[in-house]
Amino acid sequence: MSSIDGETRLTGLIGWPVAHSLSPAMHNAAFERCGLNWRYVPLPARAERLAEALRGLAALGFCGANVTVPHKVAVMPHLDAIDPAALGIGAVNTIVVDGETGRLTGHNTDAAGFLSDLEAHGLALTPGAHVLILGAGGAARAVAYAVLGEGATVSILNRTHDRAERLVAALHEALPGAAVQAVRAADLMRGFPATALIVNATSAGMWPDVNHTPWPYGVPYPEGAALYDTVYRPAHTRLMREAETNGLRVVGGLGMLVRQGAAAFSLWTGIDAPVDVMEAACQRALDGAMWE
Ligand code: NAP
């Protein structure tokens with residue numbers, strides 16, 4: 001890796017906490033592979049200092065940043081412009097800083113990263129395909145926005161049903177006429193529509209709560225569906241194991257993380273990201289982590 005000098009350009013991850021993120025390993029490996037004298041650093045920022053942190057990005061000459069939990073929505077009022085997809089999703093995970101003016105533009109690469117990984121696994125959706133999304137938080141919103149844009153019909157099942165209803169209302173506002181509804185486990189017990197894809201966008205099953213599953217007790221898995229679990233710690237969740245036992249094809253969420261990172265890398269640098277290098281760096285970081 002090139003040494004840090006007066007020409008080194010900076011990016012990083014704004015969140016709280018950020019210490020265990022895979023993104024520094026992933027982006028620094030990509031910069032090195034592409035021969036770029038750039039670095040990506042953790043930028044821990046508490047909610048009450050978020051506005052200052054964002055002003056600091058431009059003041060310190062950063063090229064851009066990623067944004068993670070809990071700031072993906074809170075950053076929006078502090079930006080100078082927001083890309084239409086990020087506006088529709090209602091969350092920003094990537095900021096580009098204009099080197100001349102210092103203007104901050106917000107983007108969301110989670111939706112594109114998810115679609116790109118689906119395609120990489122041969123799971124691209126056909127228009128009208130039914131997708132069941134588990135969860136109604138930020139990840140569910142990005143996934144729903146992505147698959148609705150592909151012409152899918154979407155059902156949202158969430159532990160807290162009111163939150164699923166609110167997400168559906170927000171999606172109808174962002175995408176008028178979108179085929180999206182909130183469902184309850186009891187609806188699925190009565191009969192499952194033909195389903196191409198189930199997406200776990202909840203945090204259930206994520207380390208350290210590896211024995212949790214968001215799948216509603218007693219509901220049969222639909223035949224012929226694939227399961228995409230956005231959780232990537234661990235690589236094989238309880239939900240993935242049980243779905244596989246029931247004949248579903250399963251994919252874990254590491255590829256989505258890598259591909260949202262690849263899209264951010266291209267926004268900052270203007271060049272194609274070395275996706276394989278980024279994935280290998282994440283895998284090494286996961287393999288070496290203390291949590292397993
Ligand atoms: P969030 O906004 O906090 O939403 C969490 C969601 O999980 C809510 O719908 C919540 O339901 C549900 N939930 C939590 N514990 C549950 C349980 N035990 N059983 C059933 N449902 C449960 O979080 P988020 O930002 O959407 O992120 C959710 C997960 O997505 C993350 O943990 C991460 O694993 C994954 N993710 C992956 C990527 C990637 O690149 N692969 C990117 C973003 C997120 P309630 O509304 O009932 O609380």
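Both counts, for ligands and for their atoms, begin at 1 and track the order of listing. Computed from a predicted structure; not experimentally measured.
By heavy-atom distance, the residue among Thr230, Thr109, Asn200, Asn158 lying nearest atom 46 (O) of ligand 1 is Asn158. Heavy-atom proximity to atom 28 (C) of ligand 1, evaluated over Ala201, Ala164, Ala91, is greatest for Ala201. Heavy-atom proximity to atom 17 (C) of ligand 1, evaluated over Arg166, Arg141, Arg159, is greatest for Arg159.
Of the residues listed (Thr213, Asp229, Thr230), the one engaging Thr237 in a side-chain hydrogen bond (donor to acceptor under 3.5 Å, both in side chains) is Asp229, and it is the only one.
Nearest protein heavy-atom contact of atom 6 (C) of ligand 1 is Thr202 CA, 3.9 Å. Scanning the protein for heavy atoms near atom 42 (C) of ligand 1, the closest one is Met256 CE, 4.0 Å. Looking only at protein heavy atoms, the nearest one to atom 25 (O) of ligand 1 is Ala139 N, 3.8 Å.
Between Arg184 and Asp187 there is no salt bridge, since no side-chain nitrogen of the basic residue lies less than 4.0 Å from a carboxylate oxygen of the acidic one. We find that Asp110 and Lys72 are joined by a salt bridge, their nearest charged nitrogen and carboxylate oxygen being less than 4.0 Å apart. A salt bridge between Arg241 and Glu244 is absent, with no side-chain N of the basic residue lying under 4.0 Å from a carboxylate O of the acidic one.
Heavy-atom proximity to Gly137, at under 4.0 Å, picks out these atoms of ligand 1: 2 (O), 4 (O), 9 (O), 26 (O). Of all atoms in ligand 1, listed by their number and element, those nearer than 4.0 Å to a heavy atom of Gly138 are 2 (O), 24 (P), 26 (O). In summary, the atoms of ligand 1 found under 4.0 Å from a heavy atom of Thr160, numbered by their order in the structure, are 45 (P), 46 (O), 47 (O). Less than 4.0 angstrom separates some heavy atom of Val231 from each of these atoms of ligand 1: 34 (O). Listed by atom number, the atoms of ligand 1 under 4.0 Å from Gly135 heavy atoms are 9 (O). Annotation for ligand 1: atoms under 4.0 Å from non-hydrogen atoms of Ala204 are 16 (C), 17 (C), 18 (N), 19 (N). Close approach of ligand 1 to Met206 is summarised as follows: ligand atoms under 4.0 Å from at least one heavy atom of the residue are 32 (O), 34 (O). When each atom of ligand 1 is checked for a heavy atom of Gly253 under 4.0 Å away, the hits are 41 (N).
Neither the backbone nor the side chain of Phe114 comes within 4.0 Å of ligand 1, counting heavy atoms alone.
With a 6.0 Å radius and a threshold of 12 heavy atoms from other residues, nucleotides or ligands, Glu7 has its CD atom at or below the threshold. Surrounding NE2 of His236 are at most 12 heavy atoms belonging to other residues, nucleotides or ligands under 6.0 Å away. In the displayed structure, Arg33 atom CZ is contacted under 6.0 Å by at most 12 heavy atoms of other residues, nucleotides or ligands. Atom CG of Asp5 is surrounded by more than 12 heavy atoms from other residues, nucleotides or ligands within 6.0 Å.
Backbone and side-chain nitrogen or oxygen atoms of Ser203 are examined, and one is located within less than 3.5 angstrom of a nitrogen or oxygen of ligand 1. Some N or O of Arg163 is nearer than 3.5 Å to an N or O of ligand 1, by distance alone.
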task = Go through the steps for Tyr145 and Asn108 under the test side chain to side chain donor-acceptor pair (under 3.5 Å), then give the verdict.
result = CA-CA 11 Å; Tyr145 187 89; Asn108 189 307; over 6 Å; no
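Using a distance-only test at 3.5 Å, with no hydrogens or angles considered, no donor-acceptor pair links the side chain of Thr195 to the main chain of Leu197.
Atom 4 (O) of ligand 1 lies below 4.0 Å from at least one non-hydrogen atom of the protein.
Aromatic ring pairs are classed by plane angle as parallel below 30°, tilted from 30° to 60° and perpendicular above 60°; the pair His27 and Trp268 is tilted.
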